[in-house]
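Worksheet for the structure shown next.
The analysis underlying the following values was restricted to heavy atoms, covering all of them including side chains, and did not include hydrogens, waters or symmetry mates. Quick caveat: nothing in here was measured; it's all calculated off a predicted structure.
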Amino acid sequence: MKNCMKWVLIACLCLLTACGVPSGEKPQPLSDGTGPAVQAIDGAPDLAVPDSVGPGKPNPSLAEDETPTYITCRIVDGAEDGSLLLAELDGGTGVFRLDNPDTAQITLDGQPIYASGLQDGMMVKIGFNGTILETFPAQLGAVYSIAAETADGTCFDLCGLYLQVLDDLWQKDPALNENISQIALDIANAPGGLTESEQAALIWRFGELHGVEAFAATYEQLLEEGYITKPSPEEDGPFCAWEDGCFFSIKPNEGHEGEVYSLPAVFFDVQKWRSSLGAYYFYDCFAAWGETGTWNGYTIGGEMIA
């Protein structure tokens, strides 16, 4: 009897071994989508990506009968911390916030990557369920895919450059920024050709970074709408001030060629203005782009204080 039981156990073990995964082959998901869902790329476990990620593979969240909506955007900011601020391209004016992009299928030039492989300035085509929550920035519904493209090196991450320039100017003569609740930015003519949506995203992000309301306006509009005032309506003197706000602008610096050492470049002047007697300027500035990658710092020709 004992021998009989012994052979039964051996037969069961052989049967289980035969049903296992053959050596050298990766486990396959079950037909219902469950089962192992991670594979290594080129044998490197630390680069593992979900099985569902890859060219032509549907995202598990996408129903078989569902057709995604696609929108093309620029990553304005947030790639480093995984909270993407996006500006709509192709003539659109939308500004979107996309948190937790790693929940979607992400590719770069058709190859699967993690969200950490995305960069500010990249153009991305996003597939989602078509739902948009009308906040500002707007929130996209269920996002299924993010297809990114490698930058071509021409003014790559222009929004990132101007955010850095504006933040550097913010740090100068900080008394000009004290006790303000609003900032206005005039960047419509900033060199490089920012789209309307990129301008809106940049302005919003600059305000968010410094905890104040930010909006687009020219100096003339601020004066006309009463933000900037004179000491009294009767006075015609030159002194003007914005009591609880600060005005920033980026304008082209005329008289320069569009290249530096044969590299594409932008030339600009930047100002921060609180009053006729309180302002700070960066002038004769430029930034250049290499053949690959983003800008590598910028140069300030001179600084002036009023």
[X] side chain to [Y] main-chain N or O, any donor-acceptor pair under 3.5 Å?
{"X": "Ser197", "Y": "Glu88", "value": "yes"}
{"X": "Asp157", "Y": "Gly160", "value": "yes"}
{"X": "Asn100", "Y": "Asp102", "value": "no"}
{"X": "Lys272", "Y": "Ala279", "value": "no"}

Does any part of the side chain of [Y], heavy atoms only, come nearer than 4.5 Å to the side chain of [X], both counted from C-beta?
{"X": "Pro264", "Y": "Trp289", "answer": "yes"}
{"X": "Leu161", "Y": "Gln164", "answer": "no"}
{"X": "Leu163", "Y": "Arg205", "answer": "yes"}
{"X": "Phe286", "Y": "Asn253", "answer": "no"}
{"X": "Leu166", "Y": "Leu185", "answer": "yes"}
{"X": "Ile71", "Y": "Lys125", "answer": "no"}
{"X": "Leu118", "Y": "Ile75", "answer": "yes"}
{"X": "Val143", "Y": "Ile126", "answer": "yes"}

Please find out if less than 6.0 Å separates the ring center of [X] from that of [Y].
{"X": "Phe156", "Y": "Trp295", "value": "no"}
{"X": "Phe248", "Y": "Phe206", "value": "yes"}
{"X": "Phe268", "Y": "Tyr283", "value": "no"}

Tell me if the [atom1] atom of [X] is crowded by more than 12 foreign heavy atoms within 6.0 Å.
{"X": "Gln221", "atom1": "CD", "answer": "yes"}
{"X": "Gln171", "atom1": "CD", "answer": "yes"}
{"X": "Gln182", "atom1": "CD", "answer": "yes"}
{"X": "Asn296", "atom1": "CG", "answer": "no"}

For the student: nearest non-hydrogen atoms of [X] and [Y], plus distance:
{"X": "Phe128", "Y": "Gly141", "answer": "CD1-N, 4.1 Å"}
{"X": "Leu263", "Y": "Ala288", "answer": "CB-CB, 4.4 Å"}
{"X": "Ala147", "Y": "Thr107", "answer": "CA-OG1, 3.6 Å"}
{"X": "Val212", "Y": "Ser181", "answer": "CB-O, 3.7 Å"}
{"X": "Leu86", "Y": "Cys73", "answer": "CB-CB, 3.9 Å"}
{"X": "Gly82", "Y": "Pro101", "answer": "O-CD, 3.0 Å"}

Apart from Leu89 itself, residues in the same hydrophobic cluster as defined by side-chain heavy atoms under 4.5 Å: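 ILVMFWY cluster around Leu89 also holds Met123.
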
Arg274 vs Glu243, salt bridge (Lys or Arg N to Asp or Glu O under 4.0 Å): CA-CA, chis, key distance, verdict: CA-CA 8 Å; Arg274 183 79 180 270; Glu243 184 178 349; over 6 Å; no

ring-ring contact (aromatic ring centres under 6.0 Å, His included) partner of Trp273, the single match among Tyr227, Tyr219, Trp242: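 Single ring-ring contact (aromatic ring centres under 6.0 Å, His included) partner of Trp273 among Tyr227, Tyr219, Trp242: Tyr219.
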
Starting at [atom1] of [X], measure out to [atom2] of [Y] and round the result to the nearest 0.5 Å.
{"X": "Leu84", "Y": "Arg74", "atom1": "CG", "atom2": "CZ", "answer": "13.5 Å"}
{"X": "Asp109", "Y": "Gln111", "atom1": "CG", "atom2": "CD", "answer": "8.0 Å"}
{"X": "Cys285", "Y": "Ile300", "atom1": "SG", "atom2": "CD1", "answer": "5.5 Å"}
{"X": "Gln139", "Y": "Ile132", "atom1": "CD", "atom2": "CD1", "answer": "11.0 Å"}
{"X": "Tyr70", "Y": "Ser145", "atom1": "OH", "atom2": "OG", "answer": "5.0 Å"}
{"X": "Phe247", "Y": "Leu223", "atom1": "CZ", "atom2": "CG", "answer": "11.0 Å"}

Do we see a donor-acceptor contact under 3.5 Å between the side chains of [X] and [Y]?
{"X": "Asp167", "Y": "His210", "answer": "yes"}
{"X": "Asp168", "Y": "Tyr298", "answer": "yes"}
{"X": "Ser249", "Y": "Gln271", "answer": "yes"}
{"X": "Glu303", "Y": "Tyr281", "answer": "no"}

According to a hydrophobic-cluster definition based on side-chain heavy atoms being under 4.5 Å apart (Ile, Leu, Val, Met, Phe, Trp, Tyr only), do [X] and [Y] belong together?
{"X": "Ile187", "Y": "Val76", "value": "no"}
{"X": "Trp204", "Y": "Val165", "value": "no"}
{"X": "Ile250", "Y": "Leu194", "value": "yes"}
{"X": "Ile183", "Y": "Val270", "value": "yes"}
{"X": "Phe282", "Y": "Ile305", "value": "yes"}

Pairs where residues 176-186 contributes a residue and the test salt bridge (charged side-chain N to carboxylate O under 4.0 Å, His left out) is met, not counting sequence neighbours: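 Qualifying pairs: Asp186-Lys251.
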
Partner of Leu85 under side-chain contact (heavy atoms from CB on, under 4.5 Å), chosen from Leu98, Leu202, Asp120, Val95: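 Answer to the side-chain contact (heavy atoms from CB on, under 4.5 Å) test with Leu85 among Leu98, Leu202, Asp120, Val95: Val95.
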
Worked check of side chain to side chain contact (heavy atoms under 4.5 Å, CB included) between Thr150 and Leu108: CA-CA 7 Å; Thr150 300; Leu108 175 59; 3.9 Å; yes

Side chain to side chain contact (heavy atoms under 4.5 Å, CB included) between Met122 and Gln119, worked out: CA-CA 6 Å; Met122 280 183 172; Gln119 290 180 289; 3.6 Å; yes

